[in-house]
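The analysis underlying the following values was restricted to heavy atoms, covering all of them including side chains, and did not include hydrogens, waters or symmetry mates. Each residue takes its place number in the sequence, starting with 1.
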Amino acid sequence: MNASASPVKAWTSIDPTVTVISGDPVALVRRLKAEDTDRDIWLCGGGDLATQLIGEIDELLIKLNPVVLGQGVPLCRSAPDARRFVYSGQELHDDGILWLYYAAAGRDSVKTDG
């Protein structure tokens, strides 16, 4: 393997309600969004995955933790075009973590203050 190549990771899920996929995430999300269901799609994968899916994201849930790390993972690595989101609500949890909800501009949010 050359020095700049990343090792291949084989991921499996220990949770039967979680599906680990390989392949094109944009095609998968578009297929799931086209299904007639009231289920949500949750993106958990970091800035690289969010960058690939930025055009498909209807709502952001940003969890603000009261911890200073000095660095972190960006929401998106380098989105090709700016994408506007509009504040739509928040939840403050007993552990001090604030959940902030933002809807993609021009789309209705599923969350309101409360």
* **Verify same cluster id: Leu98, Val67 (apolar side-chain graph, 4.5 Å)** => no

* Structure fact -> Minimal heavy-atom distance between Ala103 and Ser88, with the atoms involved, is N-OG, 3.8 Å

* Reported CD-to-CG distance for the pair Gln90 and Leu64, which is rounded to 0.5 angstrom -> 10.0 Å

* Distance in Å, Phe85 CZ paired with Ile62 CD1, rounded so as to fall on 0.5 Å steps -> 8.5 Å

* To do: Find out if a path of hydrophobic residues (ILVMFWY) with successive side-chain heavy-atom gaps under 4.5 Å connects Leu60 to Val86.
  => no

* To do: Check side chain to side chain contact (heavy atoms under 4.5 Å, CB included) between Asp95 and all other residues, then give those that pass, not counting sequence neighbours.
  => His93, Ile97

* Listed partners of Leu32 passing side chain to side chain contact (heavy atoms under 4.5 Å, CB included), at least two apart -> Leu28, Glu35, Ile41

* Looking at side-chain heavy atoms only, is the closest gap between Lys33 and Asp58 below 4.5 Å? -> yes

* Worked check of side chain to side chain contact (heavy atoms under 4.5 Å, CB included) between Leu100 and Leu61 -> CA-CA 6 Å; Leu100 299 166; Leu61 165 54; over 6 Å; no

* **Exercise: identify the closest heavy-atom pair between Glu56 and Val26** => CG-CG1, 4.5 Å

* **Any donor-acceptor pair under 3.5 Å from Arg83 side chain to Ile54 backbone** => yes

* Structure fact -> So CG of Asn65 and CH2 of Trp99: to nearest 0.5 Å the spacing works out to 10.5 Å

* To do: Check side-chain hydrogen bond (donor to acceptor under 3.5 Å, both in side chains) between Ser22 and all other residues, then give those that pass, not counting sequence neighbours.
  => none

